[in-house]
Amino acid sequence: MTHADALRAELARAARTLGAPDDVSPILERPRDPAFGDWATTLAMTLAKPLGKKPRDIAEALIAALDRPRVGIVSAEIAGPGFINSRLDPGYQARGLLQILAAPEQWGRLDIGHQRRVCVEFVSANPTGPLHVGHGRQAALGDAISTLLEWTGWKVDREFYYNDAGAQIANLAKSTQARVRELAGHPLAIPEGGYHGAYIAEIAERYVQQHPDDRDGNDLDALRQFAVAALRHEQDLDLQAFGVKFDTYYLESSLYTDGRVEQTVEALKASGHTFEEDGALFLRTTTFGDDKDRVMKKSAAKGGDYTYFVPDVAYHVTKWERGYTRAINVQGADHHSTTTRVRAGLQALGIGIPQGYPDYVLHQMVTVMKGGEEVKISKRAGSYVTVRDLIDEVGRDAVRYFYLMRKGDSQLVFDVDLARSQSEENPVYYIQMAHARMCGIFRVGEIQAATVTGDGVDLGVLKEPAEQELVKQLLDFPAMVKGAADNLEPHRIAGWLLETARAAHTWYHKHHVLGEPEAITNARLVLARASQLGIAAGLRILGLSAPERM
RNA sequence: GCGCGCGUAGCUCAGUUGGAUAGAGCGUCGGCCUCCGGAGCCGAAGGUCGCAGGUUCGAGUCCUGCCGCGCGCACCA
């Protein structure tokens, strides 16, 4: 239980003595201006209507009813239309830091999920090329969202869905074939819609080395397997460089080989939500909110294949059957039309899957600028910037932070030159520097940081404004983690880290820890240790390193 | 045309679920190194929160209508 929880409970108790309903839930805010105090509540204003009294009168009665010493309040006053601004005893407030020192691994963790299982699917790139900057955003987002859910008590599996079946893979095989034949002296003939990137030619060269008996590239099946394996390996290396690990790789092709696609189609037919028209099989998705019905199986004239969303529905059935009561898919906004279709398919099956299943976190497009011009991302034309290009140029931590510092649903302009030139000025170094500085204090003072527990230390001496700001900022962490997890918005962590780093730098610059009177030094060592641990915790959620020196 | 997202400082973006005088980074300008790391600190300039209405004690935030940008709207994936 944090201090804010205790304060809310006390406010609610006081409110009930005035006749407020039992379920009253006071809202606490940090005032924008510290001059207003440490906490503000709008409780009196929200009670004005139900109690039929003026906000300021209610505020007065509330203050009188509060057991102030119990929650460390030293002063409370009414402001504006009915805010109650309260100030806390510095020592009382700072004692919250002891929670961080006592159990650093637990700090900021909550149990909302009760270890229920959730599947977070992200990246899921077709194995038809290396990962580009758009996949990078997904990798950073998906990984951070997964970690946030772990911190709030969910049992998370990170899953990568391989679209290793279908038309794009056929294109890949034929493109590789064209390159193999080029090596054998034939004119280059990349098929319509094929892949032109240089990496295809490299794969072709290796194919010929390992398949000397097929210099003319006649074995399309072997070409396909070879190319897919090569590109999966490439993508694995990209993810490794980015520090992202998956628990499960699910292959689309397996849905065909184990009969799940057929089973799903039969079940949908049996549900009565399908119909045939012009020789094609349709799912009546309009019943479930779609704006038109969708083809499931193409007519014989068009090849008779299933459209892509049919295996996608079968795939999501497996998520449900594998025990994930919650599923989150991180995807680019260009795929947003699929959400309606997949959900419609799952509803049509009528097997008890909840309506909003799965959740989607859609992120807007990433535009790449290089040399002052937009780089058009086209795998087929072979012009794009890969995740590994970025990592090589600005470093893993900076790339991750860059992706995560803004909300997913705003468009992201990734200016490669800027990211590179700013690498010295990048906020991530500012944050990591704050962490390193805190570590530096212990290094210089030759103090084992872990031995600082705060036992017997009077934290009431942390009275400087810069100290109190830093204390409040650190103690806000658990609430901020909860907000970020509830909304699946890791960028809130990035913002918190920046503010915390700023508060830490300011404090560090104004006040010394070592060489002060013993009582001061001891209290400030607690604050330094708590800052170091708090910043490290935030960095860890985003998948960034917390260096002890830079 | 329809659906989703976005429009906030010169640029890139936050804005704690409707709160008080709208913030940060970069850029620009001006200060600060005997001092636990200057990869830092302090300060200044810079805003019609796209436009117009509405809801209420109170709107950048919610509703409606416009304008602009992006992405979707296949028997492509």
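What you are looking at is a predicted structure, and each value in this text was computed from that prediction instead of being measured. For the numbers below, each heavy atom of this structure counts, side chains included, while hydrogens, waters and symmetry mates do not. Chain A is the first sequence line, chain B the second, and so forth, proteins listed ahead of strands; every chain is numbered from 1.
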Does B:C71 count as syn, meaning its glycosidic angle lies within 90° of 0, or as anti? anti
Atom-pair distance (NZ on A:K510; P on B:C33), nearest Å: 17 Å
Any salt bridge between A:R400 and A:D397, counting N to O under 4.0 Å? no
What distance, rounded to whole Å, do you find between the two P atoms, one in B:A59 and one in B:G53? 14 Å
What is the distance, rounded to the nearest whole Å, between atom NE2 of A:H512 and atom C1' of B:G37? 11 Å
Look at the side chain of A:T338 and decide which nucleotide, out of B:U12, B:A77, B:A20, has an atom nearest to it. B:A77
Establish, with yes or no, whether the OP1 or OP2 oxygen of B:A14 is under 4.0 angstrom from a side-chain nitrogen or oxygen of A:S410. yes
Answer yes or no: does a side-chain N or O of A:Y508 lie under 4.0 Å from OP1 or OP2 of B:C36? no
Touch check for A:A333, heavy atoms < 4.0 angstrom, all strands: base, sugar-phosphate only, or nothing? sugar-phosphate
Would you kindly give the CD1-to-P distance between A:I27 and B:A20, to the nearest whole Å? 13 Å
Which whole number of Å gives the distance between the C1' atom of B:C41 and that of B:U48? 35 Å
B:U17, syn or anti by chi within 90 degrees of zero: syn
Donor on one side chain, acceptor on other, A:T340 and A:D290, under 3.5 Å: no
Can A:R443 and A:E548 be counted as an ion pair, charged N to O under 4.0 angstrom? no
A:A167 side chain, from C-beta outward: closest of B:C75, B:A77, B:A20: B:A77
Does A:D291 reach a base, just sugar-phosphate, or nothing at all? Heavy atoms under 4.0 Å. nothing
Identify whether any heavy atom of A:H435 sits under 4.0 Å from a base atom; if not, whether one sits that close to sugar-phosphate; answer base, sugar-phosphate or nothing. nothing
Watson-Crick/G-U partner (both atom distances under 3.5 Å) of B:G68: B:C6
Using a strict cut-off of less than 4.0 Å between a Lys/Arg side-chain nitrogen and an Asp/Glu carboxylate oxygen, indicate whether A:R492 and A:E489 qualify as a salt bridge. yes
I'd like the P distance from B:G18 over to B:C42, given in whole Å. 32 Å
Whichever of A:F309 and A:V413 has the more 5' nearest nucleotide on RNA chain B, that residue is A:V413
Determine, answering yes or no, if A:H505 is stacked on B:C41 under the 5.5 Å centre rule and the 30° plane rule. no
Residues A:D291, A:R294: salt bridge by 4.0 Å N-O rule: yes
Measure from the side-chain N and O atoms of A:N163 to the backbone N and O of A:N126, and report whether any donor-acceptor pair falls under 3.5 Å. no
Counting only side-chain heavy atoms from C-beta out, which of B:A77, B:G15, B:A20 sits nearest to A:H491? B:G15
Against the side chain of A:Q168, the closest entry in B:A20, B:G40, B:A77 is B:A77
Closer than 4.0 angstrom, basic N to acidic O: yes or no for A:E77 and A:R87? no
Can you see if the side chain of A:K292 gets near the phosphate of B:C2 - specifically, an N or O under 4.0 Å from OP1 or OP2? no
The side chain of A:H336 is closest to which nucleotide in this list: B:G37, B:C4, B:A20? B:C4
Nearest whole angstrom, please: distance from the C1' of B:G40 to the CD of A:Q432. 15 Å
Looking for any heavy atom pair under 4.0 Å, which part of the strands does A:A40 touch: base, sugar-phosphate only, or nothing? base
Once you round it to whole Å, what is the distance between C1' of B:G15 and CZ of A:R492? 10 Å
Salt bridge A:D476-A:K472, side-chain N to carboxylate O under 4.0 Å: no
Could you measure between the two P atoms, the one in B:G68 and the one in B:G50, and give it in whole Å? 16 Å
Contact nearer the 5' end of RNA chain B, comparing A:K298 with A:V513: A:V513
A:D409 CG to B:C13 C1', straight-line distance once rounded to whole Å: 13 Å
Answer with yes or no whether A:T307 presents, from its side chain, a donor or acceptor under 3.5 Å of a partner atom in the base of B:C75. no
Does a nitrogen or oxygen in the side chain of A:R502 sit under 4.0 Å from OP1 or OP2 of B:G40? no
Per A:Q364 side chain, nearest of listed nucleotides B:A14, B:G70, B:A20: B:G70
Is A:G440 touching bases, backbone alone, or none of the nucleic acid, heavy atoms closer than 4.0 Å? sugar-phosphate
Mind checking if A:N85 touches a base, just sugar-phosphate, or nothing, with heavy atoms under 4.0 Å? base
Atom CD1 of A:I431 to atom C1' of B:G25: distance rounded to whole Å? 11 Å
Work out how far the P atom of B:A14 is from that of B:C32, and round it to whole angstrom. 36 Å
Looking only at atom C1', what distance separates B:G58 and B:C67, rounded to whole Å? 28 Å
Candidate nucleotides B:A74, B:A77, B:A39, ranked by approach to the side chain of A:R294 - the nearest: B:A74
With the side chain defined as heavy atoms from C-beta on, A:Q411 is closest, among B:C36, B:G70, B:C41, to B:G70
For A:A479, answer base if it contacts any base atom (sugar-phosphate contacts may also be present), sugar-phosphate if it contacts only those atoms, and nothing otherwise; contact means non-hydrogen atoms under 4.0 Å. nothing
From B:C13, B:G37, B:C36, pick the nucleotide closest to the side chain of A:M550? B:G37
B:C42 OP1/OP2 closer than 4.0 Å to side-chain N/O of A:T506: yes
Sugar-phosphate, base or nothing in reach of A:L498, heavy atoms under 4.0 Å: sugar-phosphate
Determine the Euclidean distance between corresponding C1' atoms of B:C73 and B:U61; express it in Å to zero decimal places. 30 Å
Return the value, rounded to whole Å, for the distance between atom CG of A:L362 and atom C1' of B:C6. 14 Å
Step-by-step side-chain contact (heavy atoms from CB on, under 4.5 Å) determination, A:M550 to A:M433: CA-CA 7 Å; A:M550 300 177 71; A:M433 182 62 198; 4.1 Å; yes
Write down the distance separating the P atoms in B:U8 and B:C13, rounded off to the nearest Å. 9 Å
Among B:A20, B:A39, B:U17, which is the nearest nucleotide to the side chain of A:N487? B:U17
With centres under 5.5 Å and planes under 30° as the test, does A:F36 stack with B:A20? yes
Taking only the side-chain nitrogens and oxygens of A:K407, find out if one of them lies under 4.0 Å from OP1 or OP2 of B:G15. yes
Pick one: which of A:V428, A:V399, A:N426 meets side chain to side chain contact (heavy atoms under 4.5 Å, CB included) with A:V394? A:V399
Using a heavy-atom cut-off of 4.0 Å across all strands, would you classify A:M45 as base, sugar-phosphate, or nothing? base
Hey, is A:Y430 doing a stacking thing with B:A39, by the 5.5 Å centroid and 30° angle criteria? no
Check this for me: does the side-chain of A:Y308 come within 3.5 Å of the base of B:A77 through a donor and an acceptor? yes
Heavy-atom donor-acceptor pair, A:N426 side-chain to B:A39 base, under 3.5 Å: no
